[in-house]
K.L.:
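Can you read through this structure? Questions will come right after.
It should be emphasised that the depicted structure is a prediction, and the values quoted were computed from it without experimental measurement. In what follows, chains are A, B, ... by sequence order, proteins preceding strands, each numbered from 1. For the numbers below, each heavy atom of this structure counts, side chains included, while hydrogens, waters and symmetry mates do not.
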Amino acid sequence: MPSFATSPGTRDILAPDAPRWRLFQQTFADVVELAGFAHIIPPMFEDLGVFLRVGETTEIVTKEMYDFEDKGGRRVALRPEQTASVCRAFVEHRPVTPWKVWYAGPNFRYEKPQQGRYRQFDQVGIEVLGVDDPQLDAEVIGLAVEFYRRLGLQGVQLSVNSLGDSGDRDRYAVALRTHFSANIDALSAESRATLERNPLRVLDSKRQEDAALIAAAPKMADHLSDEAAAHFVDVQSALLSAGVGFIVDDRLVRGLDYYRRTTFEFVSTALSAAHVAIGGGGRYDGLVAELGGPDTPGIGFALGLDRTLLACDAEGVFAPPPGRVDVFVVDATGGTHAGAVCAELRAAGIGTDRAYDARSMKAQMKSADRAGARLAIIIGEDEAAAKTAIIRTMEGGSQHIVQRDALIAQVRQALHG
RNA sequence: GUGGGCGUAGCUCAGUUGGCUAGAGCGCCAGGUUGUGGUCCUGGAGGUCGCGGGUUCAAGCCCCGUCGUCCACCCCA
């Protein structure tokens, strides 16, 4: 037994998953950079206070934060998400608006691990600061939809809702509290506890016994200010004219307290209930101000890399890239020529690998096969003496002798010719 | 954090009411094929049965604890 293994909720990402991750992030970058988004790489830990803005009542803050005191006595935390960091960066650097950024990288939450739920988990996402326009809401949502399309996903459902402005949200919370308190006996014990902390989240309960009471609960739509209601109407019509399919879910309440007005969530119909939410986002118009900046609207989303890939697997799309080498050098002279041949091929930009330890030609051919090489370059004593090499096509098994100094040209022709 | 299922070879898993030296398939290595992979045949390496304690003449199997993983709740991506 090994002495060490990864900590709970963390894991090594090996091939072929690692190149798939890279392709995932690259595909995302391609989509959003085409829309004018610039890359931002925030630090993985910051002052705890930055993340407390996620919401004092959320579990992310109350029990899942990786926070600690560093050697200088600073109270810091590993980031549980990146929106708050982006807003902090906005306040710190004051870029011109609209500020459009994208990010990719790991976040940390101390949760009980499950499939599709890790303590270190990766997200990709975008944020736009400084624009209030409902057109932007639709554009941001549309970029996520476009990204899913690029991955090949079909079964992604978009739900949208408006949580109104902060005053609306507070009034709605009071209305919900009144509603549920009046029927407290019908409410599950867990939901009673949730009601204490955050009445809106009771709407998220999946328990059967709560279903009827939730269905009868007051609607957010009836508590929106005129401005928020108008904004939401405009978002919906912009989505419609952009051809983005969606459903309005007036019980969609996202877990982060900073959300205002437009909120949305993507669920995969190909996944089981536990991790159907593969992405989500919304407006957070008060967050920049809370972090000490000017009153600045903001909107963005984050997509879970792991869960999105689970959805891809469930749909059989976005297969891992092969990640192979084109040429494998088989040296039956004991390995004295392989190094030079590899260096020559690699310098010419041709992906090349070799075997070591002077293994038998049979073993080296097997390695060539396993490496997925299209060509084997075979050099034995005869070829070494004659300054030649054999080029063997792995698929089909035809081979021919070429002069050593013509090797690169011959390999190129065999690969592309 | 609560409740439950499962931890045996690198991987997927068998292992009877506790009973000789713990098995299979795949993978890996070697040979069959004295210069050639993918098929086939033969052989080989590889295990403190997650870890610790207990019961017993005897524990992979039973009991307790612990760690890990998976599922549901919770939460969320």
Side-chain angles (χ1 to χ4, degrees), chain A residues 1-11 14 54-55 57-64 80-83 104 106-125 144 188-191 193-194 197-198 201-202 204-210 252-256 265-268 271-281 301-311 328 330-333 355 357 359-384 390-399 401:
Chain A
M1 271 296 113
S3 300
F4 296 105
T6 54
S7 292
T10 69
R11 65 244 202 268
L14 309 175
V54 168
T57 67
T58 65
E59 295 214 339
I60 291 176
V61 166
T62 56
K63 47 185 265 202
E64 296 177 359
E81 54 114 44
Q82 293 178 63
T83 301
N107 304 320
F108 306 86
R109 294 180 197 171
Y110 192 86
E111 296 186 272
K112 191 161 176 181
Q114 261 177 48
Q115 189 182 60
R117 189 171 80 175
Y118 303 99
R119 288 182 179 175
Q120 177 180 332
F121 64 100
D122 268 60
Q123 288 183 330
V124 297
S188 67
E190 294 89 341
S191 288
T194 307
R197 284 202 317 276
N198 189 341
R201 294 216 56 80
V202 175
D204 242 6
S205 166
K206 281 177 262 178
R207 279 169 295 274
Q208 196 59 45
E209 61 261 45
D210 294 334
L252 173 63
V253 178
R254 298 189 46 75
L256 284 62
E265 188 169 88
F266 298 96
V267 303
S268 167
L271 294 178
S272 61
H275 23 74
V276 288
I278 59 173
F301 64 71
L303 313 180
L305 195 157
D306 307 279
R307 285 189 190 177
T308 304
L309 286 180
L310 284 178
F328 198 94
V330 173
D331 181 341
T333 71
D357 296 329
R359 302 221 290 148
S360 70
M361 182 177 281
K362 176 175 173 162
Q364 293 189 56
M365 285 302 296
K366 201 165 178 174
S367 297
D369 189 44
R370 202 159 31 212
R374 292 163 60 196
L375 301 178
I377 308 299
I378 302 169
I379 300 176
E381 299 294 353
D382 295 349
E383 290 75 21
I390 297 171
I391 297 181
R392 179 182 177 88
T393 306
M394 294 301 285
E395 188 183 343
S398 64
Q399 59 185 51
I401 299 171

K.L.:
With C1' as the reference atom in both, quote the distance from rG4(B) to rC20(B) in angstrom, rounded to an integer.
P.N.:
38 Å
K.L.:
Under 4.0 angstrom, heavy atoms only, what part of the nucleic acid is Arg109(A) near: base, sugar-phosphate, or nothing?
P.N.:
base
K.L.:
Can a donor-acceptor pair under 3.5 Å be found between the side-chain atoms of Arg117(A) and the base atoms of rC70(B)?
P.N.:
no
K.L.:
Please give the distance between the P atoms of rU42(B) and rG27(B) as a whole number of Å.
P.N.:
15 Å
K.L.:
Taking Arg392(A) for its side chain and Ile377(A) for its backbone only, find out whether a donor-acceptor pair lies under 3.5 Å.
P.N.:
no
K.L.:
What does Asn107(A) touch in the nucleic acid at a heavy-atom separation under 4.0 angstrom: a base, only the sugar-phosphate, or nothing?
P.N.:
nothing
K.L.:
Distance check, P atoms only: rG5(B) and rC62(B), in whole angstrom units.
P.N.:
13 Å
K.L.:
Could you walk me through whether Asp306(A) and Arg11(A) satisfy the side-chain contact (heavy atoms from CB on, under 4.5 Å) test, starting with their C-alpha distance in whole Å, then the side-chain angles of each, then the deciding distance to 0.1 Å, before giving a yes or no?
P.N.:
CA-CA 12 Å; Asp306(A) 307 279; Arg11(A) 65 244 202 268; 2.4 Å; yes
K.L.:
Would you please confirm or rule out a distance under 4.0 Å between OP1 or OP2 of rG37(B) and any side-chain N or O of Ser360(A)?
P.N.:
no
K.L.:
Checking the side chain of Thr10(A) only, and the main-chain atoms of Thr6(A) only, is there a donor and an acceptor separated by less than 3.5 Å?
P.N.:
no
K.L.:
Tell me: CG of Asp306(A) to P of rC70(B), nearest whole Å?
P.N.:
12 Å
K.L.:
Given atom CG of Leu303(A) and atom P of rC76(B), what is their separation to the nearest angstrom?
P.N.:
17 Å
K.L.:
Whole angstroms only, please: what is the NZ-C1' distance between Lys112(A) and rG5(B)?
P.N.:
12 Å
K.L.:
Counting only side-chain N and O atoms of Arg119(A), is one of them less than 4.0 Å from OP1 or OP2 of rA77(B)?
P.N.:
no
K.L.:
Select one nucleotide: of rG37(B), rA77(B), rU36(B), the one nearest the side-chain heavy atoms of Met394(A).
P.N.:
rG37(B)
K.L.:
Give one of base, sugar-phosphate or nothing for Thr194(A), where a contact means two heavy atoms less than 4.0 Å apart.
P.N.:
sugar-phosphate
K.L.:
Once you apply a heavy-atom cut-off of 4.0 Å, does Gly281(A) come out as touching a base, just sugar-phosphate, or nothing?
P.N.:
nothing
K.L.:
In whole angstrom, what separates Glu64(A)'s CD from rA77(B)'s C1'?
P.N.:
11 Å
K.L.:
Rounded to whole angstroms, how far apart are NZ on Lys366(A) and C1' on rU39(B)?
P.N.:
11 Å
K.L.:
Among rU69(B), rC76(B), rU36(B), which is the nearest nucleotide to the side chain of Met361(A)?
P.N.:
rU36(B)
K.L.:
For Glu265(A) and rA77(B), what is the distance between atoms CD and C1' respectively, to the nearest whole Å?
P.N.:
9 Å
K.L.:
Please measure how far the P atom in rG43(B) lies from the corresponding atom in rC26(B), and state the result in whole Å.
P.N.:
13 Å
K.L.:
For rA72(B), does either OP1 or OP2 sit under 4.0 Å from a side-chain N or O belonging to Gln114(A)?
P.N.:
yes
K.L.:
Using a heavy-atom cut-off of 4.0 Å across all strands, would you classify Arg359(A) as base, sugar-phosphate, or nothing?
P.N.:
sugar-phosphate
K.L.:
Judged by atom type as modelled, is there a donor-acceptor pair below 3.5 Å linking the side chain of Gln364(A) to the main-chain atoms of Asp331(A)?
P.N.:
yes
K.L.:
Looking only at side-chain N and O atoms, does Arg370(A) come under 4.0 Å of OP1 or OP2 in rC28(B)?
P.N.:
yes
K.L.:
Could you tell me whether the side chain of Gln120(A) and the main chain of Asn107(A) form a donor-acceptor pair under 3.5 Å?
P.N.:
no
K.L.:
Heavy atoms only, 4.0 Å cut-off, all strands: where does Gly125(A) land among base, sugar-phosphate and nothing?
P.N.:
nothing
K.L.:
With a 3.5 Å cut-off and just heavy-atom distances, do the side chain of Arg392(A) and the base of rG37(B) make a donor-acceptor pair?
P.N.:
yes
K.L.:
Dot-bracket for RNA chain B: what is it, with Watson-Crick or G-U pairs under 3.5 Å, [ ] where a pair crosses earlier ones, and | for a pair to another strand?
P.N.:
(((((((..((((.....[...)))).(((((.......))))).....(((((..]....))))))))))))....
K.L.:
Is it the case that rU34(B) (base atoms only) and Lys362(A) (side chain only) share a donor and an acceptor within less than 3.5 Å, ignoring hydrogens and angles?
P.N.:
no
K.L.:
Please work out if Ile390(A) contacts a base, only the sugar-phosphate, or nothing of the nucleic acid, heavy-atom cut-off 4.0 Å.
P.N.:
base
K.L.:
Please report the C-alpha distance between Met365(A) and Ile378(A) in whole Å, then the side-chain angles of each, then the deciding distance to 0.1 Å, and finally whether the side-chain contact (heavy atoms from CB on, under 4.5 Å) criterion is met.
P.N.:
CA-CA 9 Å; Met365(A) 285 302 296; Ile378(A) 302 169; 4.2 Å; yes
K.L.:
What integer distance in Å separates Asp357(A):CG from rA30(B):P?
P.N.:
10 Å
K.L.:
What's Phe266(A) touching, base or sugar-phosphate or nothing? Going by heavy atoms closer than 4.0 Å.
P.N.:
nothing
K.L.:
Taking atom C1' in both rU21(B) and rC29(B), what distance in whole Å separates the two?
P.N.:
24 Å
K.L.:
If you measure from the P atom in rC71(B) to the same atom in rU48(B), how many Å do you get, rounded?
P.N.:
28 Å
K.L.:
Using a heavy-atom cut-off of under 4.0 Å over every strand shown, decide if Gln399(A) touches base, sugar-phosphate, or nothing.
P.N.:
base
K.L.:
Using a 4.0 Å heavy-atom cut-off, does Gly380(A) contact any base of the nucleic acid, only the sugar-phosphate backbone, or nothing at all?
P.N.:
base
K.L.:
Which whole number of Å gives the distance between the P atom of rC41(B) and that of rC49(B)?
P.N.:
33 Å
K.L.:
Given rG35(B), rG1(B), rA77(B), which nucleotide is nearest the side-chain atoms of Ile378(A)?
P.N.:
rG35(B)
K.L.:
So for Asp369(A) and rG38(B), does any side-chain atom that can act as donor or acceptor lie under 3.5 Å from a complementary atom in the base?
P.N.:
no
K.L.:
With Arg119(A) as the cation and Phe108(A) as the aromatic partner, state whether NZ or CZ is under 6.0 Å from the six-membered ring centre and within 45° of the axis.
P.N.:
no
K.L.:
Tell me if the side-chain of Glu111(A) makes a donor-acceptor pair with the base of rG1(B), cut-off 3.5 Å, by modelled atom types.
P.N.:
no
K.L.:
Taking the same atom, P, in rA45(B) and in rG10(B), what whole-Å distance lies between them?
P.N.:
15 Å
